[in-house]
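Here the structure is a predicted model, which is why all the values come from computation and not from measurement.
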Amino acid sequence: MTSSTEELLKRLGVSIDAGTLRLALTHRSYAYENGGIPTNERLEFLGDSILGFSVTDALYRDNPALPEGDLAKRRSAVVSTRALAGIGRSLGIGDYIYLGQGEKLTDGKNKASILADTMEALIGATYVSNDIETARQLVMRLIGPLLQDAAALGAGTDWKTSIQELAASRQLGSIYYAVEGSGPDHARTFVAVLRIGGTDYGQGAGRSKKEAEQEAAADAWRKLSTAGPANVPAESEAGL
């Protein structure tokens, strides 16, 4: 690891015993290369359940008027791989994960799936080392800000579908993603520009074409939602 685990625990705001913490940070690629030692997958399984329950409980209590379908959509938005990976990146979790050589060479510490799985494992480890309330409080510290993001919760996790539906409802024209990649094969970065009816509405970047397109769609969705039906942004206002 490149940073001390004490710093990681400080960022999380919890105490986790050394053995459980190491297990939570052990990716299967590392375990395989080191004689098949235990991985973080069992803790990930546990953390996923705690995460889902904690978010469901908060949404249910804080939104008494919302129907089940809207509650489910909001929950999906904040427990998605994309959302958890974003939290993991903000905390610098990637620097602490034990990865095999293959994953290291392909920049595994920045992969959304690995970051999201590790976040769930850390939630599980918090429960094992403490109690359910401590784990729930961790979840709310991490997820709480996302629950307040009305734009994100309104669109849910599939931004490309959301922007397609919004563009169709306003008859803005056909959708096209212009994607360009750069960098070496093991650390490629992609930038996507979303065009609707020939006008640029959003831009996004990611480590895969899919991620970049989702980010561009999210950018466009927020701009269009803020602008409103009668005030669609012109090309010069698209921020590109």
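- Using a distance-only test at 3.5 Å, with no hydrogens or angles considered, a donor-acceptor pair links the side chain of Ser76 to the main chain of Ala72.
- Residue-environment remark: CD (Glu41) exceeds the threshold of 12 foreign heavy atoms within 6.0 Å.
- Residues Ile132 and Ile123 share a single hydrophobic cluster, defined by chaining ILVMFWY side chains whose heavy atoms lie under 4.5 Å apart.
- The backbone N or O of Arg195 sits nowhere less than 3.5 Å from a side-chain atom of Thr199 that would complete a donor-acceptor pair.
- A distance of 9.5 Å separates OH in Tyr201 from CG in Leu194, rounded to the nearest 0.5 Å.
- Cation-pi check for Lys210 over Phe190 is not met; the charged atom does not lie both under 6.0 angstrom from the ring centroid and within 45 degrees of its normal.
- A salt bridge does not link Arg74 to Asp70: none of the charged side-chain nitrogens sits closer than 4.0 Å to a carboxylate oxygen.
- The shortest side-chain heavy-atom distance between Ile93 and Met119 falls under the 4.5 Å cut-off.
- Between Ala24 and Ala121, the shortest heavy-atom distance links the atoms O-CB, 3.5 Å.
- Asp131 contributes a side-chain N or O that, together with a main-chain N or O of Thr134, makes up a donor-acceptor pair within less than 3.5 Å.
- Atom-to-atom distance recorded for Leu146:CG and Met140:CE is 10.0 Å, nearest 0.5 angstrom.
- Scanning both residues, Ala135 and Ile50, for their nearest heavy atoms gives CB-CG2, 4.0 Å.
- For the side-chain contact (heavy atoms from CB on, under 4.5 Å) test, residues two or more places apart in sequence or in another chain that qualify with Thr26 are Arg22, Tyr30, Ala31, Ile37, Tyr98.
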Practice item. Apply side chain to side chain contact (heavy atoms under 4.5 Å, CB included) to the pair Leu9 and Ile16, showing each step before the final yes or no. Key: CA-CA 7 Å; Leu9 293 176; Ile16 301 174; 4.0 Å; yes
Practice item. Could you check Lys223 against Asp219 for side chain to side chain contact (heavy atoms under 4.5 Å, CB included), going step by step and ending with a plain yes or no? Key: CA-CA 6 Å; Lys223 289 174 180 175; Asp219 185 35; 3.1 Å; yes
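- Of the charged side-chain nitrogens involved, at least one lies within less than 4.0 Å of a carboxylate oxygen, so that Glu133 and Arg136 count as a salt-bridged pair.
- The side-chain heavy atoms of Leu166 and Trp221, taken from C-beta on, include a pair separated by under 4.5 Å.
- Residues Lys111 and Glu103 are paired through a salt bridge, judged by an N-O separation under 4.0 Å between the basic side chain and the carboxylate.
- Taking 4.5 Å as the limit, some side-chain heavy atom of Asp57 sits within range of a side-chain heavy atom of Arg61.
- By the 4.0 Å N-to-carboxylate-O rule, Arg42 lies too far from Glu120 to be salt-bridged with it.
- Val139 is not listed as a side-chain neighbour of Thr126, based on a closest heavy-atom distance of 4.5 Å or more.
- Side chains of Leu21 and Leu122 form a contact here, defined as non-hydrogen atoms less than 4.5 Å apart.
- Of the possible donor and acceptor atoms, none in the side chain of Asn40 sits under 3.5 Å from a partner among the backbone N and O of Leu23.
- Under a 3.5 Å cut-off, the side chain of Thr39 and the backbone N or O of Arg28 do not form any donor-acceptor pair.
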Review point. What's the verdict on salt bridge (Lys or Arg N to Asp or Glu O under 4.0 Å) for Glu211 and Lys160, showing C-alpha distance, side-chain angles and the deciding distance?
Key: CA-CA 10 Å; Glu211 185 178 351; Lys160 293 180 70 173; over 6 Å; no
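- Counting heavy atoms from C-beta outward, Leu46 and Tyr127 have side chains that approach closer than 4.5 Å.
- A donor-acceptor pair is defined here as one N or O able to donate and one able to accept, closer than 3.5 Å; such a pair exists between the side chain of Arg141 and the backbone of Leu12.
- The structure places CD1 of Ile97 at 9.0 Å from CG of Asn110, a figure rounded to the nearest 0.5 Å.
- Both Val79 and Leu66 belong to a single network of hydrophobic side chains, linked directly or stepwise wherever heavy atoms of I, L, V, M, F, W or Y lie under 4.5 Å apart.
- Separation of atoms NZ (Lys109) and OG1 (Thr118) is listed at 13.0 Å; rounding is to 0.5 Å.
- Side-chain contact between Asp95 and Leu8: absent, with no pair of heavy atoms (C-beta onward) separated by less than 4.5 Å.
- Side chain of Asp17 to main chain of Gly19: a donor-acceptor pair is present (N/O by atom type, distance under 3.5 Å, no hydrogens or angles).
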Check your understanding: Would Glu7 and Arg11 satisfy salt bridge (Lys or Arg N to Asp or Glu O under 4.0 Å), going step by step from the backbone distance to the final call?
Key -> CA-CA 6 Å; Glu7 176 62 24; Arg11 294 178 191 178; 3.2 Å; yes
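- One hydrophobic cluster, built from ILVMFWY side chains closer than 4.5 Å, cannot hold both Val191 and Tyr176; they sit in different ones.
- Across every non-hydrogen atom of Val179 and Ala192, the tightest pair is CG2-CB, 3.9 Å.
- Considering CD1 of Ile196 and CG of Leu224, their distance stands at 5.5 Å, rounded to 0.5 Å.
- Ion pairing of Lys10 with Glu6 is absent here, as no side-chain N (NZ or NE/NH1/NH2) approaches a carboxylate O to less than 4.0 Å.
- In this structure the side chain of Asn130 never reaches within 4.5 angstrom of the side chain of Leu138, judged on heavy atoms.
- Although no hydrogens or angles enter the test, the distance criterion places no donor-acceptor pair under 3.5 Å between the side chain of Arg75 and the main chain of Thr56.
- Here the closest non-hydrogen pair linking Ile175 and Ala167 is CD1-CB, 4.1 Å.
- Note: Leu51 CG to Leu142 CG = 9.0 Å, rounded to the nearest 0.5 Å.
- Closest heavy-atom contact between Ser15 and Ser129: O-CB, 4.0 Å.
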